Amino acid sequence: MFEKLMATAVLPVTDLDRAKRWWHDVLDRDPIYTDAAAENLFYDVGGAVVLVYRTDFAGTAKNTALNLVTDDIDRDVAELRSRGVEFHDYDFPGLKTVDGIADLGGLRGAWFSDTEDNIIALGEPSPEMRERVMGGARAVG
């Protein structure tokens, strides 16, 4: 079973052209494959494939849809802000952001939305967790 298998993250959008511009302008990503007939875009994000597809149900989830792991959240939050990204502020028991970033004890996180209101998390694990999650390597484009 699963002799040849690949997993992808999946993000719904209502406007494929708008999403394509956002992925290019904000995340510096261009599709690695486009299936125009099926209205699908495929992106490589740190070695994982993200499928962006058109549907009328985009933006209805209120949970994190995609998680990006970084080695320097302050650098990346500043860069994303310079590209017009607004970060969510949360103040729940166990989760409070300060200037858009939460310290979760061993993990720092920030959340923002794409053009379709899909929530994307940006996380910086502790050095120990980063060693396990990223193999000690810096994240790649």
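All figures in this text were calculated on a predicted structure; none of them were measured in a lab.
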Please report the interatomic distance [atom1]([X]) to [atom2]([Y]), rounded to the nearest 0.5 Å.
{"X": "D30", "Y": "H24", "atom1": "CG", "atom2": "NE2", "value": "5.5 Å"}
{"X": "T14", "Y": "E39", "atom1": "OG1", "atom2": "CD", "value": "11.0 Å"}
{"X": "F42", "Y": "D35", "atom1": "CZ", "atom2": "CG", "value": "6.5 Å"}

Would you say the side chain of [Y] lies within less than 4.5 Å of the side chain of [X], judging by non-hydrogen atoms?
{"X": "L51", "Y": "L41", "value": "no"}
{"X": "D44", "Y": "R29", "value": "no"}
{"X": "E86", "Y": "R81", "value": "no"}
{"X": "I101", "Y": "V77", "value": "yes"}
{"X": "I120", "Y": "W111", "value": "no"}
{"X": "R75", "Y": "T70", "value": "yes"}
{"X": "L80", "Y": "F87", "value": "yes"}
{"X": "L66", "Y": "N118", "value": "no"}

Does K96 pair with D91 as a salt bridge, N-O distance under 4.0 Å?
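A salt bridge links K96 with D91.
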Between E79 and R83, does at least one N-O distance fall below 4.0 Å, as a salt bridge requires?
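Judged by the 4.0 Å cut-off on N to carboxylate O distance, E79 and R83 do form a salt bridge.
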Distance-only, no hydrogens or angles: does the [X] side chain make a donor-acceptor pair with backbone N or O of [Y] under 3.5 Å?
{"X": "S126", "Y": "M129", "result": "yes"}
{"X": "T34", "Y": "A36", "result": "no"}
{"X": "E124", "Y": "G109", "result": "no"}
{"X": "T97", "Y": "Y90", "result": "yes"}

Over all atoms of both residues, closest heavy-atom pair of I73 and A110:
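Closest approach of I73 to A110, heavy atoms only: CD1-N, 3.8 Å.
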By ring pair (Phe, Tyr, Trp, His ring centres under 6.0 Å) - contacts of W23 (at least two apart):
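Y43.
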Between the side chains of H88 and S113, is a donor N or O closer than 3.5 angstrom to an acceptor N or O?
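Their side chains do contain a donor-acceptor pair, which is all the 3.5 Å distance test asks for.
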